[in-house]
Amino acid sequence: MTGTHRARKRFGQHFLTSSAVVQDIVNAISPRPDDTLLEIGPGHGVLTQPLAASGARLHAVELDRALVPRLRTQFANSGNVVIHEADALRFDYASVGSPLRILGNLPYNISTPLLFRLIEFRAIIVDLHLMLQKEVVGRLAASPGTKAYGRLTIMAGCHLHAEPLFDVPATSFTPPPRVTSTVVRLWPRKTDGFTINDQAFLQRLVTQAFSQRRKTLRNALKELASSDEMLAMSIDPGARAEEIPLAGWVALANHLRQSRPAP
């Protein structure tokens with residue numbers, strides 16, 4: 001089936017063709033018959049097939065209307081598979097049941113907004129196994145003090161743990177992308193989660209700091225926080241944005257919002 005459908009650039013399609021990588025992904029997910037799985041962007045169904053064979057309840061969300069009839073035909077005799085013609089950025093993930101395990105080879109052009117869409121449903125998600133651009137996974141899993149540590153690390157890390165699993169070379173796809181991909185395991189924070197009083201303000205604070213990451217926080221955040229307010233949260237105003245851990249950013253945002261209520 002892979003030779004009968006041309007990848008569409010506007011959908012960011014790069015179809016996985018390596019059977020070895022497919023097996024590695026299935027092994028990482030380790031699906032069980034009592035799982036409810038949801039695959040984003042099944043494409044030609046190369047990953048859908050072994051997941052369906054596991055006996056798990058499998059929902060697949062595909063935007064490309066040219067692929068949906070083929071997928072429905074391919075899995076017509078699989079009673080545990082449902083193909084949804086829908087936009088993953090707008091899909092109601094709670095509608096397929098819970099707890100939910102999500103997986104997919106995400107289009108690079110929408111990977112970040114789609115990740116934050118999935119975060120909205122974290123209360124019903126067990127884990128996510130996603131293939132993303134290697135650079136993006138590096139940012140998700142970055143530690144404070146490193147170059148990769150930034151806004152994405154913090155805004156996603158407040159809600160999810162990230163564990164990079166293995167790289168996938170461009171030759172594993174048709175057409176091959178210009179970058180290396182990485183499969184990452186993500187799972188919601190539970191007992192070590194953060195209480196965020198104002199998500200929008202936290203994002204504004206972090207965005208402001210990292211847009212001027214070479215500056216000290218005293219200078220980068222001078223319109224949003226005073227040195228005394230930073231010191232009250234044990235944050236050095238002379239530090240730079242990448243030196244502050246997740247907990248520090250959340251604490252500072254909550255403190256500022258509490259002392260300066262939103263208009």
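Along the sequence shown, the residues carry numbers beginning at 1. What you see is a predicted model; the values in this text were computed from it and never measured.
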Taking all non-hydrogen atoms of both residues into account, name the closest pair between Ala86 and Val61 and its distance. O-CG1, 3.6 Å
Please answer: with hydrophobic residues joined when any side-chain heavy atoms are less than 4.5 Å apart, are Leu132 and Leu89 in the same cluster? yes
For the residue pair Asn254 and Gln258, confirm or rule out a side-chain donor-acceptor distance under 3.5 Å. no
Gap between atom CD1 of Ile119 and atom CD of Gln199 - 0.5 Å precision: 8.0 Å
Under the side chain to side chain contact (heavy atoms under 4.5 Å, CB included) rule, what do Trp249 and Phe194 come out as? Steps first, then yes or no, please. CA-CA 11 Å; Trp249 283 113; Phe194 296 96; over 6 Å; no
Output yes when a side-chain donor or acceptor of Gln133 lies under 3.5 Å from a complementary backbone atom of Glu135, and no otherwise. no
Residue set satisfying salt bridge (charged side-chain N to carboxylate O under 4.0 Å, His left out) with Arg90, at least two apart, ordered chain then number -> Asp87
Quick check: closest heavy atoms across Ala52 and Val81, and the distance to 0.1 Å? CB-CG2, 3.5 Å
Tightest non-hydrogen contact, residues Leu106 and Ile40, listed as CD2-CG2, 3.9 Å
Note, Gln74 side chain near His44 side chain (heavy atom, < 4.5 Å): no
Picking from Ile83, Leu51, Val96, what satisfies side chain to side chain contact (heavy atoms under 4.5 Å, CB included) with Leu58? Leu51
Supply the atom-to-atom distance Leu130 CG to Ile25 CD1, rounded to the nearest 0.5 angstrom. 10.0 Å
With Arg240, which residues qualify under side chain to side chain contact (heavy atoms under 4.5 Å, CB included), at least two apart? Glu242, Glu243
Roughly how far apart are His59 NE2 and Leu37 CG, rounded to 0.5 Å? 9.0 Å
Test side-chain hydrogen bond (donor to acceptor under 3.5 Å, both in side chains) on Thr182 and Asp167; report intermediate values, then the result. CA-CA 4 Å; Thr182 298; Asp167 291 344; 2.8 Å; yes
Asn27 backbone acceptor or donor facing Ser30 side chain under 3.5 Å: no
With Asp192, which residues qualify under salt bridge (charged side-chain N to carboxylate O under 4.0 Å, His left out), at least two apart? Arg189
Hey, are Asp127 and Arg185 close enough for a salt bridge, meaning a charged N less than 4.0 Å from a carboxylate O? no
Test ring-ring contact (aromatic ring centres under 6.0 Å, His included) applied to Phe91 - qualifying residues, sequence neighbours left out: His84, Tyr93
Mind listing the closest non-hydrogen atom pair of Cys158 and Leu202 along with its distance? SG-CD2, 4.1 Å
Would Trp187 and Leu246 show up in the same hydrophobic cluster when neighbours are defined by side-chain heavy atoms closer than 4.5 Å? no
Once salt bridge (charged side-chain N to carboxylate O under 4.0 Å, His left out) is applied, do any residues pair with Glu120, and if so which ones, sequence neighbours excluded? Arg117
Please walk me through it: do Ile244 and Leu217 pass side chain to side chain contact (heavy atoms under 4.5 Å, CB included)? CA-CA 10 Å; Ile244 310 305; Leu217 294 177; 3.7 Å; yes
Donor-acceptor contact present, side-chain Glu229 to main-chain Ser226, <3.5 Å: yes
Kindly indicate whether a cation-pi arrangement holds for Arg257 with Phe201, taking the cut-offs as under 6.0 Å to the six-membered ring centre and within 45° of the axis. yes
How far apart are the C-alpha atoms of Arg139 and Thr153, what are their side-chain angles, what is the distance that settles it, and do they pass the side-chain hydrogen bond (donor to acceptor under 3.5 Å, both in side chains) test? CA-CA 6 Å; Arg139 290 159 60 197; Thr153 318; over 6 Å; no
Looking at side-chain heavy atoms only, is the closest gap between Ser172 and Leu16 below 4.5 Å? yes
Would you compute the distance between atom OH of Tyr149 and atom CG of Leu140 and round it to the nearest 0.5 angstrom? 13.0 Å
Please find the pair of heavy atoms, one from Asn80 and one from Gly55, that lie closest to each other, and give the distance. ND2-C, 3.7 Å
Do Leu256 and Asp198 make a side-chain contact, defined as non-hydrogen atoms from C-beta onward lying under 4.5 Å apart? no
When you measure from the side chain of Thr207 to the backbone N and O of Arg204, does any donor-acceptor pair fall under 3.5 Å? no
Under the side chain to side chain contact (heavy atoms under 4.5 Å, CB included) rule, what do Leu118 and Leu128 come out as? Steps first, then yes or no, please. CA-CA 9 Å; Leu118 296 173; Leu128 306 100; 3.6 Å; yes
Can you find a heavy atom in the side chain of Pro237 that is under 4.5 Å from one in the side chain of Asn219? no
Between Leu205 and Leu221 the two heavy atoms that sit nearest each other are O-CD2, 3.7 Å
Does the side chain to side chain contact (heavy atoms under 4.5 Å, CB included) test come out yes or no for Glu39 and Arg101, once each step is laid out? CA-CA 9 Å; Glu39 182 183 6; Arg101 306 185 70 195; over 6 Å; no
Can you get from Val126 to Leu165 by hopping between Ile, Leu, Val, Met, Phe, Trp and Tyr side chains that sit under 4.5 Å apart? no
Can you get from Val250 to Leu231 by hopping between Ile, Leu, Val, Met, Phe, Trp and Tyr side chains that sit under 4.5 Å apart? no
Does any part of the side chain of Ser181, heavy atoms only, come nearer than 4.5 Å to the side chain of Phe173, both counted from C-beta? yes
NE2 of His159 to CD1 of Ile125: how many Å apart, nearest 0.5 Å? 12.0 Å
Can you find a pair of side-chain heavy atoms, one from Val179 and one from Lys134, that are under 4.5 Å apart? no
Does Lys190, at its NZ atom, have more than 12 non-hydrogen atoms belonging to other residues, nucleotides or ligands within less than 6.0 Å? yes
Decide yes or no for Asn105 and Phe15: does some side-chain heavy atom of the first lie under 4.5 Å from some side-chain heavy atom of the second? no
Going from CD1 on Ile29 to OG on Ser54, what distance comes out if it is rounded to the nearest 0.5 angstrom? 9.0 Å
Hey, quick one: are Ile102 and Val82 part of the same hydrophobic cluster, counting side-chain heavy atoms closer than 4.5 Å, chains of contacts allowed? no
State, yes or no, whether a side-chain contact exists between Glu163 and Val184 at a heavy-atom distance under 4.5 Å. no
Which word best sums up how the rings of Tyr108 and His14 line up, parallel for under 30°, tilted for 30 to 60°, or perpendicular for over 60°? tilted
Apply salt bridge (charged side-chain N to carboxylate O under 4.0 Å, His left out) to Asp24 and list each qualifying residue two or more places apart in sequence or on a separate chain. none
